[in-house]
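Here the structure comes first, spelled out in structure tokens, and everything after it is commentary.
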Amino acid sequence: MSETERARRPVSGRLRFRVAALLALALLPIGILGVVQTRSLAIEAQTSSELSLLALTERATFGERQVLERAVGTAEALTPFLELIRDDPEACSSYLDDYVGLSPRYSFVGFVPISGLVTCSSADRTVDFSGDPLFQTRMSTPRLYIDLIEAPAVSASSVINVMFPTYEGTDFVGFMSISFSTEALAARGDRVADMRPDSVVTFNAEGVILSTEASAEGDPISLPRSVTLEDLVTRPDETFIDLSQSGEERIFAIVPVVPGVVYALAGWPREAFRLGGGMLPLPTAAFPLMMWVASLFVAYIAVDRLVGRYVRGLSDQMRTFARDRRIPKTAVSSGAAQELQDLETSFVQMAFALLDDEAQMEDALREKNVLLKEVHHRVKNNLQMISSIMNMNMRTAEHPETRAVLRQLQDRILGLSTVHRNLYMAEDLGRTNAGELIKELLNQVFAVGAAPGSNLDIEMDFDDVILFPDQAVPLSMLATELGTNALKHAGAAEGARPWIRVSLKQPEPGKAIFVFRNSIGAEAVTKDAESSGLGLRLVRAFASQLSAVVETSDTNNEYKVVTSFDLEDFDPEPREG
């Protein structure tokens with residue numbers, strides 16, 4: 001393994017890390033117990049802070065609550081009395097006018113029937129609310145409402161209006177309406193000077209602001225940036241941390257003033273309370289963490305002193321042996337634990353045994369290569385001897401057909417001879433460069449088989465395709481057969497030059513394509529008709545040994561054979577043809 005690969009190995013796989021992790025795991029229950037107990041205390045402190053903040057917020061909104069509760073109570077108290085006199089508009093209006101005179105905080109008191117035409121009120125005239133959109137909305141869902149009316153029909157300035165539903169039996173008949181000025185809602189309760197919010201906002205269930213108050217005149221009102229007032233209606237009695245619309249971090253507390261109707265939102269300075277979602281204070285959380293880190297450090301040093309340095313030394317010896325086959329002369333585990341000394345002794349013994357085995361294997365491999373080269377050499381010589389005998393037979397043959405058949409057989413035998421000569425001359429007897437082998441074969445076939453004056457135009461293009469003998473031999477015979485056939489049938493139109501094009505390509509890993517093309521003329525048709533078809537059968541037989549796919553095409557002036565096959569891995573068992 002190289003230094004770069006060792007550097008890329010994850011730290012989690014190293015011995016020191018694993019031992020330190022196990023020791024840290026042993027201390028983990030104690031640390032968890034301390035963290036859990038500390039967290040429980042932090043949660044209790046958090047809850048206490050939130051309750052205190054809500055209590056202070058309720059205290060800060062005491063004045064608003066008192067004003068609104070009095071108005072709601074007044075409306076509720078007047079409802080049963082008005083049931084007796086509301087059919088008498090004069091008496092009803094007189095009574096309500098006197099009531100407003102005795103209660104100057106209210107600017108309007110009246111009964112608003114379903115029709116919206118108010119005849120029983122503290123106003124000195126009949127008031128028609130039937131066309132008011134707000135009145136129509138409230139009539140659709142009768143319940144207690146508290147609204148801000150900026151342009152009231154009776155009062156001169158904006159008012160807070162309380163609408164209390166009135167029933168006769170189970171039938172809704174209208175609202176008891178009471179209005180008072182917005183300044184009256186600003187009445188302040190008991191607020192401690194050093195524990196008061198930056199601002200207080202009261203709003204109704206629709207998120208409409210009823211009143212605002214800042215801790216100091218001119219200060220901005222704190223409203224949360226990420227949530228609307230209408231959304232806060234569903235979160236009463238809650239505290240949360242958010243940025244105000246001015247970009248400052250604030251603690252917000254929301255409490256109900258009139259449950260389900262009016263709420264108050266107070267913005268408090270962030271540093272006033274320790275709210276953090278139950279997070280542990282830093283010194284408390286750091287103590288178990290420091291203990292854990294200290295245990296890791298001690299474990300790391302201990303493992304490094306007792307085991308790590310000896311293992312590193314032994315690992316260096318192994319890498320040196322793997323790289324240089326050199327056995328260390330001095331031991332690195334002196335002073336180490338007995339188990340590490342035994343490990344180093346076992347490594348040295350294994351290294352000696354491995355060197356001895358490698359030497360024997362090299363001798364056996366060298367002897368095998370010599371024998372294989374001798375076999376290929378003798379086969380090549382025997383094939384050349386057979387070729388010479390056939391050559392003598394060709395000279396004595398009387399018939400041209402006999403000489404042609406013997407010539408074809410001689411070409412195939414010479415092709416096999418060339419394959420075996422290439423194999424015994426190669427450095428690696430198990431692999432051969434098919435590109436160089438086929439080029440040599442075809443040069444031999446074309447040099448011997450081309451007729452004098454044929455004027456052939458030959459082009460060959462071969463990639464370096466490495467094959468095992470099981471594929472190199474049938475591919476060579478296939479190339480020889482195609483070359484012989486091409487010489488036999490190559491032709492061209494009158495005045496043109498005949499040509500042969502051969503290529504062996506490896507378009508992608510594991511794939512090879514052998515393409516053989518030659519020109520044909522008019523005389524090729526006559527030759528094909530007279531041929532026995534043996535060449536094509538041999539081509540298909542050799543292709544079958546290659547497990548190849550053969551495609552042939554014959555046009556007016558070209559004959560083409562495309563052989564596609566997969567490059568196979570070495571098979572120790574020889575194939576049977």
Side-chain angles (χ1 to χ4, degrees), residues 61 63-89 91-123 126-150 152-155 158-185 187 202-211 233 236 256-264:
T61 58
E64 289 85 343
R65 178 179 290 104
Q66 191 175 43
V67 171
L68 293 174
E69 287 179 350
R70 284 177 180 174
V72 173
T74 299
E76 186 176 8
L78 288 174
T79 298
F81 178 74
L82 289 183
E83 289 180 3
L84 302 175
I85 62 173
R86 66 187 179 202
D87 293 334
D88 186 355
C92 183
S93 297
S94 176
Y95 174 79
L96 294 180
D97 184 54
D98 292 340
Y99 185 83
V100 171
L102 296 174
S103 302
R105 70 171 62 92
Y106 302 125
S107 60
F108 174 79
V109 179
F111 174 72
V112 184
I114 295 176
S115 64
L117 191 62
V118 180
T119 58
C120 176
S121 70
S122 61
T126 299
V127 183
D128 186 4
F129 291 108
S130 60
D132 188 351
L134 180 62
F135 167 76
Q136 295 173 358
T137 302
R138 298 300 182 242
M139 281 295 177
S140 63
T141 309
R143 63 178 179 83
L144 176 62
Y145 291 101
I146 299 178
D147 298 303
L148 172 65
I149 302 177
E150 297 182 349
V154 178
S155 303
S158 60
V159 296
I160 303 297
N161 179 247
V162 177
M163 298 185 72
F164 188 85
T166 303
Y167 294 86
E168 284 186 357
T170 58
D171 297 330
F172 172 68
V173 296
F175 285 100
M176 188 67 203
S177 177
I178 296 180
S179 299
F180 55 88
S181 65
T182 53
E183 288 79 7
L185 191 58
T202 58
F203 56 95
N204 62 14
E206 285 78 19
V208 178
I209 296 176
L210 304 179
S211 68
V233 170
V257 178
V258 178
V261 182
V262 177
Y263 302 86

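Everything numeric in this text was worked out from a predicted model, so none of it was measured.
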| task | Any chance you could lay out the side-chain contact (heavy atoms from CB on, under 4.5 Å) test for Leu68 and Arg70, step after step, and finish with the verdict? | result | CA-CA 5 Å; Leu68 293 174; Arg70 284 177 180 174; over 6 Å; no

| Could you go step by step and tell me if Tyr106 and Thr74 meet the side chain to side chain donor-acceptor pair (under 3.5 Å) rule? | CA-CA 10 Å; Tyr106 302 125; Thr74 299; 3.2 Å; yes

| task | Go through the steps for Val159 and Thr182 under the test side-chain contact (heavy atoms from CB on, under 4.5 Å), then give the verdict. | result | CA-CA 5 Å; Val159 296; Thr182 53; 5.7 Å; no

| message | Show, in sequence, the C-alpha distance, side-chain angles and deciding distance for Tyr263 and Val257, and conclude whether the side-chain contact (heavy atoms from CB on, under 4.5 Å) test is met. | response | CA-CA 5 Å; Tyr263 302 86; Val257 178; 5.7 Å; no

| query | Are Phe129 and Gln136 close enough, and set up right, to give a side-chain contact (heavy atoms from CB on, under 4.5 Å), and what steps lead you there? | reply | CA-CA 9 Å; Phe129 291 108; Gln136 295 173 358; over 6 Å; no

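Nearest heavy-atom pair across Pro256 and Pro259 is CB-CA, 4.1 Å. Of all heavy-atom pairs between Ala205 and Val233, the closest is O-CG2, 3.5 Å. Summarising the geometry of Ile146 relative to Leu210, their closest heavy-atom pair is CG2-CD1, 4.0 Å, with the distance given to 0.1 Å. Contact between Gly116 and Val112 at its shortest, heavy atoms only, is CA-CG1, 4.4 Å. Residues Ala71 and Phe180 approach most closely at CB-CE2, 3.8 Å, considering heavy atoms.
Note that the CD1 atom of Ile160 and the CD1 atom of Ile149 stand 8.5 Å from one another [nearest 0.5 Å]. Rounding to the nearest 0.5 Å places SG of Cys120 at 6.0 Å from CD1 of Ile85. Once rounded to the nearest 0.5 Å, the distance linking OH of Tyr145 with OG1 of Thr137 reads 8.5 Å. Considering CG of Leu96 and CG of Leu78, their distance stands at 7.0 Å, rounded to 0.5 Å. Atom CZ of residue Phe172 and atom CE of residue Met139 lie 4.5 Å apart, to the nearest 0.5 angstrom. Distance CG/Asp97 to CZ/Phe108: 11.5 Å, rounded to 0.5 Å.
Using a 4.5 Å heavy-atom threshold, the side chains of Val258 and Leu144 count as touching. By the 4.5 Å heavy-atom criterion applied to side chains, Leu117 and Thr126 are counted as neighbours. Proximity of Leu82 to Cys92: side-chain heavy atoms (C-beta onward) are separated by under 4.5 Å at one or more points. Side-chain atoms of Val154 and Ser107, non-hydrogen and from C-beta on, never get closer than 4.5 Å to each other. Contact of the Met176 side chain with the Val109 side chain is registered, since non-hydrogen atoms from C-beta on lie closer than 4.5 Å. Annotation: side chain of Tyr167 is not in contact with side chain of Val173 (no heavy-atom distance under 4.5 Å).
Side-chain atoms of Thr79 come within 3.5 Å of backbone N or O of Ala75 as a donor-acceptor pair. Between the side chain of Thr202 and the backbone N or O of Ser211 there is at least one donor-acceptor pair closer than 3.5 Å.
Of the residues Tyr95, Phe111, Tyr99, the one that meets the ring pair (Phe, Tyr, Trp, His ring centres under 6.0 Å) test with Phe81 is Tyr95.
Taking the side-chain hydrogen bond (donor to acceptor under 3.5 Å, both in side chains) definition, one finds that Arg138 meets it with Asp147, sequence neighbours left out. Residues satisfying the side-chain hydrogen bond (donor to acceptor under 3.5 Å, both in side chains) test with Asp128, not counting sequence neighbours, are Ser130. Checked against side-chain contact (heavy atoms from CB on, under 4.5 Å), Glu76 has the following partners two or more places apart in sequence or in another chain: Phe164.
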